[in-house]
Colleague: 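Okay, handing you the structure first.
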There are 2 protein chains.
Amino acid sequence: MTVSITDVARAAGVSASTVSRALRGRPGVSEEVRAQITAVAAQLGYIASQSASSLASGRTFTIGVVVPYVGRWFFGTVLDAAEQVFSAAGYDVLLYNLGSPEARKRFFTKLPVRKRVDAVLSLLIPEAEEAAALRSLGVPLATTVGGPLPGFTVVGIDDRAGAESAVRHLVNLGHRRIGMISGTSGPLHWTTPIDRRQAYLDVLADAGIEHDPALEADGDYTVQGGERAMIELLAASRPPTAVFAQSDEMAMGALRALRRHRLKVPEDVSVVGFDDHELADVMGLTTIAQPVAGEGAEAARLLLRQLDEPDAEPSRHVQMPLRFVLRETTAPPNPRGPQ
Amino acid sequence: MTVSITDVARAAGVSASTVSRALRGRPGVSEEVRAQITAVAAQLGYIASQSASSLASGRTFTIGVVVPYVGRWFFGTVLDAAEQVFSAAGYDVLLYNLGSPEARKRFFTKLPVRKRVDAVLSLLIPEAEEAAALRSLGVPLATTVGGPLPGFTVVGIDDRAGAESAVRHLVNLGHRRIGMISGTSGPLHWTTPIDRRQAYLDVLADAGIEHDPALEADGDYTVQGGERAMIELLAASRPPTAVFAQSDEMAMGALRALRRHRLKVPEDVSVVGFDDHELADVMGLTTIAQPVAGEGAEAARLLLRQLDEPDAEPSRHVQMPLRFVLRETTAPPNPRGPQ
DNA sequence: CTGTTAGCGCATTCAA
DNA sequence: TTGAATGCGCTAACAG
């Protein structure tokens, strides 16, 4: 019932190989024959079987995308952009959502992508063995998170520079007691929280401000965590007049905690985030914007390029530009407030 | 280099067919032989080629998921939950992100999922011809949006009841001038905005409140649209004292417009949304919670069941429960405010 | 430029 | 319970 390549060949009065060549735009077919075959194929509604094609050629025209949590804004946005690039180039996307430890383990032990994909885009930071497992696939690899990783093309941002401009903004406004809500370090290779924290320390030192450990709290990169962290900071003997949250989601949690404490933002406390979450604008959050969709699209493009030119050097590191976005959650410290 | 079924067969001293049967748990293999083969396969790191397997059997163990926009919270959350169910059952997910008209057209004309998937979960409402194209695939179909659709299993909510409880809440608080920010109707089959609007009209009528067309504005289901719509409502000769937004995202846009207009929520204007977006809690938004992840998981489960029992009736309609969530954006009308 | 010949790796008859 | 033969639908190498 389903029309195969031989059906098309018969209807067009040619051989199957000619149909194959014609439809895939390969050379060695006269234009008239190609046109005729194309017409017949369209009329018959012929679509090549992916399985048969990739079994015969080894190519799958499919990209595997590995994500820790699709529902989260950051990952959803990266995935969205990457998928558009892939599908525009004729590639399908196999999605693996590895939120739970079981799913993650299952994926890396069974490696269901084996022989199923031409390349892999990982939005999660692989542990050492996981990275090795991916490399064993023998296909181009890329990621949009974490630092340089052998065998991977990585598209990222300058976490250090971004965090610096955020904290410097607070310093320039006149703040001296500047708190930080950070994310847990997570996997070993995840340099982001470390880099952002280092920038915070550097700017403070540079401004001659002594670092107070009581002004740092862990927000776990979640809204709830950010809220908890802010509450913690407010409980300090001398609470901060400004806070740098390492992500917008934690910053939003902080805003909520402040509102519950009847503290005004930015009059009583300033808050600056990082990422430029889609809702940061609605909440008036001052932040460091990173081109999330751009990162996904760029990683996808680099992967496709490697597929086209297998000779080019396999891995590289691209840094995307950051942008400081001034909104309504930052202001000079309140002179009547607590110092 | 890559180990095939014959390699395993040779190493185990049996035939390829026996390996195939043993590894897939089919009957007709003695337990000792099966155990031995399993061990050898594991040791060799054998993974069956998906292409070869599905070419031979017709089964792909892959589900196609069609999404209008992965980056949006609602779809990302549904996808996340569905993927977990699928992958736990041993199915891979092929993702199609159909945000742009070109991508959508490309998908439905080329139907890349043909012969590639065992079932399709659509998170977008197909037009008539699109639905027909999907049905032509001859595989089980499901969706989590829109009303009943021939050939589809649909998992949804009672939009009418949800919207009613939202508007009734405002009426019970004493509001008489109640505005609504609605979404455009979109595809013909999309009954959601129509149902929610009808509920709004019904509750007003039931409360003896005359409907004022100037109190309705289109918010396009986006934050920006919600903001514009709220501004529009505020420009009315007699602006509303309360607003029902048909989605949380539009409600958030409305909150922003109100803040910019220096109007206090809920003192000056009450706002109630719909969905219970992950950030609704942070913003203190009163809303109607729908179990988004639950819908995705349930749809996935129903699809898998159809795969297991092809005899069961092909399509059905499931309604998931809604929940009214009272937060901080609604209160009785301000007696000193404009009536 | 086109057709013929072989597989790609596996699942599924049919025999044994 | 097992093995040998056959074909899934297509691509690639080789002829012509």
Side-chain angles (χ1 to χ4, degrees), chain A residues 1-38 40-41 44-62 90 92 111-118 138, chain B residues 1-38 40-41 44-62 90 92 111-118 138:
Chain A
M1 45 156 292
T2 165
V3 31
S4 81
I5 198 170
T6 49
D7 296 327
V8 178
R10 196 175 317 130
V14 295
S15 74
S17 7
T18 303
V19 173
S20 174
R21 279 189 286 254
L23 260 28
R24 287 180 307 138
R26 317 232 51 162
V29 184
S30 73
E31 275 319 310
E32 27 192 350
V33 172
R34 191 191 300 274
Q36 208 248 332
I37 290 176
T38 307
V40 171
L44 261 47
Y46 168 72
I47 305 278
S49 155
Q50 228 283 330
S51 316
S53 164
S54 70
L55 180 58
S57 71
R59 297 265 303 183
T60 66
F61 283 98
T62 302
D92 285 343
L111 272 188
V113 287
R114 191 177 303 183
K115 304 178 193 168
R116 281 207 78 174
V117 299
D118 292 339
Chain B
M1 44 159 283
T2 165
V3 31
S4 80
I5 199 170
T6 50
D7 297 327
V8 178
R10 196 175 317 129
V14 296
S15 75
S17 4
T18 303
V19 174
S20 174
R21 282 189 283 253
L23 260 28
R24 287 179 309 135
R26 317 232 51 163
V29 183
S30 72
E31 274 320 308
E32 28 193 350
V33 173
R34 189 190 303 272
Q36 209 249 332
I37 290 176
T38 307
V40 172
L44 261 48
Y46 168 72
I47 306 275
S49 155
Q50 229 283 328
S51 315
S53 163
S54 70
L55 179 58
S57 73
R59 296 266 305 184
T60 66
F61 284 98
T62 302
D92 285 343
L111 272 189
V113 288
R114 192 178 302 184
K115 305 177 191 169
R116 281 205 78 172
V117 300
D118 293 339

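On a predicted model such as this, the values are computed, not experimentally measured, just so you know.
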Colleague: So which atom in A:L44 and which in A:V8 form the shortest heavy-atom distance, rounded to 0.1 Å?
Modeller: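 Heavy atoms of A:L44 and A:V8 come nearest at CD2-CA, 4.1 Å.
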Colleague: To the nearest angstrom, how far is A:R10 atom CZ from C:dG3 atom C1'?
Modeller: 16 Å
Colleague: Under 3.5 Å, is there a donor-acceptor pair linking the side chains of B:T18 and B:S15?
Modeller: yes
Colleague: A side-chain contact here means heavy atoms from C-beta on lying under 4.5 Å apart; do B:I5 and B:Y46 qualify?
Modeller: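 The answer is yes, as the side chains (C-beta and beyond) meet within the 4.5 Å cut-off.
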Colleague: Taking for each residue the nucleotide of DNA chain D bearing the nearest heavy atom, is the 5' side occupied by B:L55 or by B:G28?
Modeller: B:G28
Colleague: So, B:S57 and B:R24: side-chain donor and acceptor under 3.5 Å apart, yes or no?
Modeller: no
Colleague: Looking at A:T18, I'd like to know whether one of its side-chain N or O atoms comes within less than 4.0 Å of OP1 or OP2 on C:dG3.
Modeller: yes
Colleague: Atom CZ of A:R34 and atom C1' of C:dC1: how far apart are they, to the nearest Å?
Modeller: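 That distance rounds to 11 Å.
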Colleague: Round to the nearest Å and state the distance from A:E32 atom CD to C:dT2 atom C1'.
Modeller: 13 Å
Colleague: Tell me the interatomic distance from A:D7, atom CG, to D:dC10, atom C1', rounded to whole angstroms.
Modeller: 13 Å
Colleague: What salt bridge (charged side-chain N to carboxylate O under 4.0 Å, His left out) pairs are there with at least one residue in residues 26-38 of chain A, not counting sequence neighbours?
Modeller: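 Listed by first then second residue: A:E31-A:R34.
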Colleague: Rounded to whole Å, how long is the line connecting atom CZ of A:R59 with atom C1' of C:dG9?
Modeller: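 After rounding, the gap between these two atoms is 19 Å.
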Colleague: Rounded to the Å, how far apart are B:R114 CZ and D:dG9 C1'?
Modeller: 15 Å
Colleague: Expressed in angstrom and rounded to an integer, what is the separation of A:Q50 atom CD from D:dC10 atom C1'?
Modeller: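 My rounded result for the distance is 11 Å.
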Colleague: Would you kindly give the CD-to-P distance between B:Q36 and D:dT2, to the nearest whole Å?
Modeller: 11 Å
Colleague: List the protein contact pattern of nucleotides 11-16 of chain D with one symbol per nucleotide (5' to 3'): B for base contact, S for sugar-phosphate-only contact, - for none; contact means a heavy-atom distance under 4.0 Å.
Modeller: SBB---
Colleague: Check salt bridge (charged side-chain N to carboxylate O under 4.0 Å, His left out) between A:D118 and all other residues, then give those that pass, not counting sequence neighbours.
Modeller: none
